[in-house]
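One structure is given here, and the rest of the page talks about it.
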2 protein chains.
Amino acid sequence: MNSKTSTEKVKTAQRKEIGRQAQKSASTRKIIVEAALSCIAKYGYAGTTTPIIANEAGVSRGAMMHHFNNRSAVIGAAIEYLHEKRLRAFKRAIAALPKDKLQLHDGLKAYWKHVTHPLYVVFHELAVASRTDKGLAKILQPAQAAFYDEWYNLSYDLFPQWRSNTDALELAMDLVNTTLEGVAIRHLSIPEDIERETRLFNYLEECLSALKPKL
Amino acid sequence: MNSKTSTEKVKTAQRKEIGRQAQKSASTRKIIVEAALSCIAKYGYAGTTTPIIANEAGVSRGAMMHHFNNRSAVIGAAIEYLHEKRLRAFKRAIAALPKDKLQLHDGLKAYWKHVTHPLYVVFHELAVASRTDKGLAKILQPAQAAFYDEWYNLSYDLFPQWRSNTDALELAMDLVNTTLEGVAIRHLSIPEDIERETRLFNYLEECLSALKPKL
DNA sequence: AGTAAAAAACAATCGTGTCTGTTTTTTTTA
DNA sequence: TAAAAAAAACAGACACGATTGTTTTTTACT
């Protein structure tokens, strides 16, 4: 049987005060999880093997397997960590924007920055792998859906002018989403062409201005 | 030393007349290559192992290794085959369009069909894998570049009205390219939403109409 | 008979999961 | 409070299965 999962272990250790052991445990877990993300970025999902992760983390594979029951558990924890990090970073970027005279430009730029962030390729890598790995899909999909949800809600809050026409908002978001992600993914196989991309970026901004409901 | 590559073998066999043996050889090679593509579509690039390909092709692994020196050779042949097939299918779709009163709608639809074709996910799968597999990248990149080139040239030929403003053409193509590919890739992790997609599709068409240089 | 195709067998490597043993920390108990 | 017991962190080694490339054997064709 599986006895208790690693997460449960942490929880029981955390109750009352945080002992040194629990601290160390959390610390190495974090190190391992970050190493896993780093490996996915460097070597791809298939290339992220347990010995490689352990090596990247600077711990023995035995220690790693003590904290996580199997490879999937490591990947799962990495996804969770990645999701939170991604969301936090995006929210922080949004929060840094001027609330009063918020321009479409700023929102667009924030999303662009998000999509060109190194961690985005990790998410994309996982998304592609999940197509043929149902187990992975089961872990990844909720995070993916949650992110889009959050993104939509944030946009709804931030751009009150659009609330009168949610269809337009949805269209605008789809346009931004697909286009920018398309550009980001193109970078994988084709060297970036700043000039062309900024032209596209500017055009997209024009489109949004035109789509914006008039008060 | 690698002695002669499988391709060379075929060539020597093909010179003079096409013997039945050479025919069979070409036939099984094709079967293997198609099986490889099928496997990439089904199990992903990492999951496409030599036993699986051979099994899918219905030949022994030994026979397969007789025709291809190693796994890379199979993949390489598959990419070449895929590229030609993709290009041919796209050209055929373009050729089927009405030459006289060609609408943007038709061109857009053709590209959309191309991007939702099952073989497109194979190409995308390979593109992602090539990020962390430089050997693969070396094979894939030329095909990728050639396809984009061909696409651009075709568009240039098909829409003479745009020739007066190549900047607009380039922008339009970037917009179409990134958006549609973005939608296609979204399908990997998120179930399609026909309504939203057609709305986006129609909007894209409007954008193109507006971008079109006036005569 | 001789050559190519196909199949099978082989050796080497690699990744995974499990198991055993050691050290350190925490908890219990005297 | 100090010693003993329990639990957790960690390291290394093992066995199993899978994949790859090579080599050997069998089959089919000309």
Side-chain angles (χ1 to χ4, degrees), chain A residues 1-32 35-36 39 43-75 133 135, chain B residues 1-6 8-32 35-36 39 43-76 133 135:
Chain A
M1 60 187 102
N2 270 343
S3 70
K4 12 181 183 175
T5 69
S6 311
T7 331
E8 280 165 4
K9 282 176 200 167
V10 167
K11 269 183 189 165
T12 36
Q14 269 178 343
R15 78 198 156 95
K16 267 221 138 125
E17 63 172 334
I18 305 140
R20 294 172 207 168
Q21 209 160 159
Q23 268 184 346
K24 183 144 203 183
S25 176
S27 153
T28 56
R29 278 177 67 93
K30 187 178 173 185
I31 287 174
I32 290 168
C39 287
Y43 315 115
Y45 178 70
T48 299
T49 66
T50 47
I52 288 177
I53 299 173
N55 182 61
E56 174 88 15
V59 297
S60 72
R61 207 176 76 90
M64 184 168 118
M65 300 313 277
H66 168 72
H67 288 282
F68 301 93
N69 292 333
N70 47 35
R71 194 188 101 121
S72 293
V74 181
I75 301 292
D133 185 336
Chain B
M1 217 170 293
N2 269 344
S3 70
K4 16 181 181 174
T5 70
S6 312
E8 280 165 4
K9 283 178 201 167
V10 167
K11 268 184 188 164
T12 36
Q14 270 178 344
R15 78 197 152 95
K16 267 221 142 141
E17 62 168 337
I18 306 143
R20 292 173 202 173
Q21 215 158 176
Q23 268 183 348
K24 181 144 204 182
S25 176
S27 152
T28 57
R29 279 178 67 92
K30 188 178 173 185
I31 286 175
I32 291 168
C39 288
Y43 316 116
Y45 178 70
T48 299
T49 65
T50 46
I52 287 178
I53 300 173
N55 181 61
E56 174 88 14
V59 296
S60 72
R61 207 176 74 89
M64 185 169 120
M65 301 312 277
H66 169 71
H67 289 282
F68 301 93
N69 292 332
N70 48 36
R71 193 188 104 120
S72 294
V74 181
I75 301 293
D133 184 337

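Residue numbers start from 1 in every chain, and the chains themselves are labelled A, B, ... in the order their sequence lines are given, proteins ahead of strands. In this text the structure is predicted, and so the values were computed from the model without any measurement.
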For a quick test of reading the model: is some side-chain N or O of B:His67 closer than 4.0 Å to OP1 or OP2 of C:dA6? yes
Nearest whole Å is fine: how far is D:dA9 P from A:Lys30 NZ? 18 Å
Looking at C:dA5, I'd like to know if its phosphate oxygens (OP1 or OP2) sit under 4.0 Å from a side-chain N or O belonging to B:His66. yes
Quick one: does A:Ile75's side chain get under 4.5 Å of A:Tyr45's, heavy atoms only? yes
Within this structure, what is the CD1-to-C1' distance between B:Ile52 and D:dA18, rounded to whole angstrom? 10 Å
Nearest heavy-atom pair of A:Ala57 and A:Ile31: which atoms, and what distance? O-CG2, 3.5 Å
Could you list all the salt bridge (Lys or Arg N to Asp or Glu O under 4.0 Å) pairs where at least one residue sits in residues 44-55 of chain A, not counting sequence neighbours? none
Any A:Ser25 side-chain N or O less than 4.0 Å from OP1/OP2 of D:dA9: yes
Between C1' on D:dC10 and CD1 on A:Ile31, what's the gap in Å once rounded to a whole number? 13 Å
What is the distance, rounded to the nearest whole Å, between atom CZ of B:Phe68 and atom P of C:dA6? 11 Å
How would you list, by chain and number, every residue that makes a side chain to side chain contact (heavy atoms under 4.5 Å, CB included) with B:Asn55, sequence neighbours excluded? none
Candidate pair A:Arg61 and A:Thr50, rule side-chain hydrogen bond (donor to acceptor under 3.5 Å, both in side chains), full reasoning: CA-CA 7 Å; A:Arg61 207 176 76 90; A:Thr50 47; 3.2 Å; yes
Within the 4.0 Å limit for protein heavy atoms, which parts of nucleotides 16-24 of chain C are touched? Write it as a string from 5' to 3', B for base, S for sugar-phosphate only, - for none. BBB------
Which heavy atom of A:Ile53 sits nearest a heavy atom of A:Met64, and at what distance? CG2-SD, 3.8 Å
How long is the line joining CG of A:Asn55 and P of D:dC10, in whole Å? 16 Å
In terms of the nearest nucleotide of DNA chain C, which residue is placed more toward the 5' end: B:Gly58 or A:Gly47? B:Gly58
Gap between atoms OH and C1', on A:Tyr43 and C:dC14 respectively (whole Å): 16 Å
Rounded to the nearest Å, what distance is computed from the NZ atom of residue A:Lys24 to the C1' atom of nucleotide D:dA9? 8 Å
In the strands shown, is C:dA30 matched to any nucleotide by a Watson-Crick or G-U wobble pair with both distances under 3.5 Å, and which? D:dT1
For a quick test of reading the model, state the closest non-hydrogen atom pair linking A:Thr28 to A:Ser25 and the distance between them. OG1-O, 3.0 Å
